[in-house]
Amino acid sequence: MAVQASELQDSPESTTVVVIGAGPAGMTVATLLRHSGIDCVVLERRSRDHVAQRQRAGIVETRAVRMFDSWGLAERVLGGVPYDGILEFRVDGHSRLVSDSDGSEGPPARLCPQQILVQKLTETFLEDGGDLRFEAADVSLHDLTGDRPTVRYRTADGTLRAITCEFVAGCDGDRGVSRTAVPDGELTAYAFDHGIGWLTVLADAPPPAHPLLATGREGFAAHFPRGPHASRYYLQCPPDDDPGAWSDGRVWDALRTRLGDPALVSGPITDREIFRLRSLVHDPMQYGRLFLVGDAAHIVSPMGGKGMNLALYDADVLARAVRDFVRGDDSALRTYSARCLRRVWNDQEFSHWLTRTLHDAGDCEPFLRHLARARLDRLFTSPAAAGAFAELMTGLDPTGEAVSHSALSDVTGGGGDRTGA
Ligand code: RFL
C-alpha cells in the first residue's frame, strides 16, 4: 500500500539519486555513482540474504568486464574465473566449437554467477560508505516530472520515510513498482512470446568443459557452469508443462539423450522451474526524472545470455550520464533511452536469432530445420559469420555508441521522445 504524505512523521531526507532495487542493475548504478562521489540511496524490498542468493545468469560478457575495468572496479566487483570464450554446439551429438575471441586487447569475459556479482557489488558499495536499505516496503514514486521527485517507503519496523532527489533509477525488475508509476500511454510495450518453454534445473554436478548448447530431434538442451561444482541445465519443453512431471530420473535421462552424452555425471538437483521464453521492450526507458534500468525496461529470452549484461550496460550509461549532469552537462541524460534501446534491440535480435536457430534445428518442420542447420553450418565454416557471432557474444559490437539528435529525450518534461515507438 502506498505511503501517504500525511502519514510521514519526519521531514524528507534528500539525496541525488534514489535507486530502487538491489539486483545487478541497481547495485551497478549505485556502486558507480558512489565511486564518482555522487550521493544515492538504494531501497530494496527483500532481505540482504535473499538478494545475495538469487541464482540466474552465469557469464559477465567481455564488454561488461571491460566496463567495470574502465571504472577501476573489475577486481573488486567480479568474482569467478576468466572465460576462454569457447562455446560448444552439439548438433545431433556431433560437437563443434566456436570461439568468441576477436583478438582485441583487454580482459576477457568472466564465469561469474549473478549472485556472486551482486554480493561483490553490495560489499563494494557498503565498504565505500554507501546507503543501502533492505526490506523497504510499499515503495512509491511521486512528482517524477517535477524538479525534485520524492520516493516514499516503509522501513522494516513500520516507520514511514520519504526521500527527495534529483533522479530515480528504477532498477526493480519486471515486476517492480517503478514502471507502474508511469502514467498509461507514456510507454509503448513491445512484447513477444516465443511459444517455447524451458525446464531449468540447478544441480550440484560438474560443470561442462565449455558452455554447451545442443540440438537434435529430441529438442534443445544446454549445460552451463555455475561455479566449480555446480551447473545450470535447460531442456526445451511445452510452455505450460508441469515441473512436477519432471522427476530427477527423467531430467537426467533427457539431458543424456539430448546432450549426446550417456556418461553425463548427475548430482543433487537444488532448484527446478519451467518458464516461457518471452521478450519485452518498453520504449522510452525514461519518464521525466525516472530512468528505467535493466529488467524494469526490458526482458530478453535467456538464449545468448544477454539479460543481466544489458542491465549492466544500462547502469553504466546512466551512471556516466548522472556524473556528467552533476558536472553541468545534461546531454548524456537526454540520450539515455535512445542509446540503451539501440543495444537492447540489437541484443533482442541476437537472442531471437539464436533461439530460432537452435530450436528450429531440432524437431521442427523439415523446411525450417534445413534453414536452421544451414545457419549453424555457416557459423562453423565462414570466418565472417563466426566473427559477427563473436562480436555479438562478447557485446563488443559498436551498436549503441552513436545516437542521432532526433532521438533526444527531455529529462524534465514527461514521456520524452517517442522515436521508434
Ligand atoms: P532483478 O535481478 O530482477 O533485480 C530487481 C531487484 O529489485 C527488487 N525489487 C524491489 N525493490 C524495492 N521495491 C520494490 N517494489 C521492488 N520490486 C522488486 C527485487 O527484489 C530485486 O532485488 O533485475 P535487474 O537488476 O534488472 O537484473 C536483471 C537480471 O536479473 C536478468 O536480466 C537476468 O537474470 C536474466 N538471465 C540471464 N541474463 C544473462 O545475462 N545471462 C544468463 O545466462 C541469464 N540466465 C536469466 C537467466 C534469467 C532467468 N530467469 C529469471 C528466467 C536464467 C534464468 C532462469
Side-chain angles (χ1 to χ4, degrees), residues 1-3 18-30 41-61 63-64 83 87 109-115 117-118 121-122 132-141 151-154 168-181 197-202 211 213 222-226 232-234 271-280 285 292-315 318 340 344 347 350-351 354 393 395:
M1 197 174 56
V3 177
V18 174
V19 177
I20 302 175
M27 288 319 304
T28 302
V29 171
V41 176
V42 184
L43 299 178
E44 164 59 48
R45 187 179 54 168
R46 311 301 294 254
S47 69
R48 183 169 178 178
D49 274 358
H50 180 94
V51 174
Q53 299 310 324
R54 204 162 30 208
Q55 305 197 20
R56 290 177 179 178
I59 298 179
V60 179
E61 69 183 11
R63 190 208 53 76
Y83 168 45
L87 186 63
R110 300 280 289 220
L111 295 172
C112 172
Q114 179 167 330
Q115 75 276 15
L117 175 67
V118 169
L121 283 164
T122 304
L132 171 47
R133 306 178 190 182
F134 289 102
E135 297 178 58
D138 302 335
V139 170
S140 60
L141 287 61
V151 178
R152 297 188 200 134
Y153 72 102
R154 202 179 294 272
V168 180
C171 308
D172 46 352
D174 185 37
R175 298 195 169 87
V177 290
S178 301
R179 204 181 57 242
T180 58
W198 276 6
L199 170 74
T200 177
V201 164
L202 273 173
L213 301 165
H223 183 187
F224 291 105
R226 287 296 185 265
R232 184 183 280 283
Y233 305 87
Y234 294 111
D271 189 32
R272 96 187 62 203
E273 68 173 297
I274 286 177
F275 61 92
R276 300 180 80 91
L277 266 57
R278 66 189 181 103
S279 302
L280 177 62
M285 291 170 53
L292 299 173
V293 185
D295 278 15
H298 41 72
I299 300 291
V300 193
S301 92
M303 185 73 96
K306 290 298 179 188
M308 181 186 77
N309 286 299
L310 273 177
L312 303 182
Y313 180 83
D314 298 348
L318 183 60
C340 292
V344 168
D347 288 3
F350 173 59
S351 176
L354 197 54
M393 281 298 293

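Counting starts at 1 for both ligands and their atoms, in listed order. Source: prediction; values computed, not measured.
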Which residue and heavy atom of the protein sit nearest [atom], plus the separation:
{"atom": "atom 32 (O) of ligand 1", "result": "D295 OD1, 2.8 Å"}
{"atom": "atom 55 (C) of ligand 1", "result": "F275 CE2, 3.8 Å"}
{"atom": "atom 18 (C) of ligand 1", "result": "D172 O, 3.2 Å"}
{"atom": "atom 20 (O) of ligand 1", "result": "E44 OE2, 2.6 Å"}
{"atom": "atom 54 (C) of ligand 1", "result": "Y234 OH, 4.1 Å"}

Any idea which atoms of ligand 1 are less than 4.0 Å away from a heavy-atom of [X]?
{"X": "V177", "answer": "15 (N)"}
{"X": "N309", "answer": "40 (O)"}
{"X": "C171", "answer": "5 (C), 6 (C), 7 (O)"}
{"X": "L43", "answer": "11 (N), 12 (C)"}
{"X": "I20", "answer": "12 (C), 13 (N)"}
{"X": "G176", "answer": "17 (N)"}

Looking at [Y], is its backbone amide N or carbonyl O close enough to the side chain of [X] to form a donor-acceptor pair, meaning the two atoms are under 3.5 Å apart?
{"X": "D172", "Y": "V177", "value": "yes"}
{"X": "S351", "Y": "M303", "value": "yes"}
{"X": "N309", "Y": "I59", "value": "yes"}
{"X": "T28", "Y": "P24", "value": "yes"}
{"X": "R226", "Y": "Q55", "value": "no"}

Check: M393 and F350 side chains under 4.5 Å, non-hydrogen atoms:
yes
Test item: L132 and M27 side chains (from C-beta on) under 4.5 Å apart, heavy atoms:
yes
Heavy atom to [atom], shortest distance: which of [options] holds it?
{"atom": "atom 23 (O) of ligand 1", "options": "G21, G23, G173, A296", "answer": "G173"}
{"atom": "atom 43 (O) of ligand 1", "options": "G294, A57, G26, G395", "answer": "A57"}
{"atom": "atom 21 (C) of ligand 1", "options": "R46, R54, R45", "answer": "R54"}
{"atom": "atom 33 (C) of ligand 1", "options": "K306, Q114, R133", "answer": "Q114"}
{"atom": "atom 24 (P) of ligand 1", "options": "A137, A64, A25", "answer": "A25"}
{"atom": "atom 50 (N) of ligand 1", "options": "E61, R56, R232", "answer": "R56"}

Do the rings of F224 and Y234 sit parallel, tilted or perpendicular, given the 30° and 60° boundaries?
perpendicular
Hey, is F134 one of the residues with a heavy atom under 4.0 angstrom from ligand 1?
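False for this residue.
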Among residues at least two apart in sequence or on other chains, which ones pass side chain to side chain donor-acceptor pair (under 3.5 Å) with R56?
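Residues passing side chain to side chain donor-acceptor pair (under 3.5 Å) with R56: none at all.
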Nearest 0.5 Å, please: how far is [atom2] in [Y] from [atom1] in [X]?
{"X": "L43", "Y": "R152", "atom1": "CG", "atom2": "CZ", "answer": "13.5 Å"}
{"X": "Q115", "Y": "R54", "atom1": "CD", "atom2": "CZ", "answer": "10.5 Å"}
{"X": "Y233", "Y": "H223", "atom1": "OH", "atom2": "NE2", "answer": "3.5 Å"}
{"X": "L312", "Y": "R63", "atom1": "CG", "atom2": "CZ", "answer": "7.0 Å"}

From CA spacing to verdict: side chain to side chain donor-acceptor pair (under 3.5 Å), H298, D347
CA-CA 11 Å; H298 41 72; D347 288 3; over 6 Å; no
Measure [X] to ligand 1 on non-hydrogen atoms and call it side chain, backbone, both or neither using the 4.0 Å cut-off.
{"X": "R226", "value": "side chain"}
{"X": "V139", "value": "side chain"}
{"X": "V300", "value": "neither"}

[X]-ligand 1 polar pair, N/O distance under 3.5 Å:
{"X": "M308", "value": "yes"}
{"X": "G305", "value": "yes"}
{"X": "P24", "value": "yes"}
{"X": "P302", "value": "no"}

Does this structure show an ion pair linking R179 with D174, if we count only N-O contacts that are shorter than 4.0 Å?
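A salt bridge is present here (some side-chain N lies under 4.0 Å from a carboxylate O).
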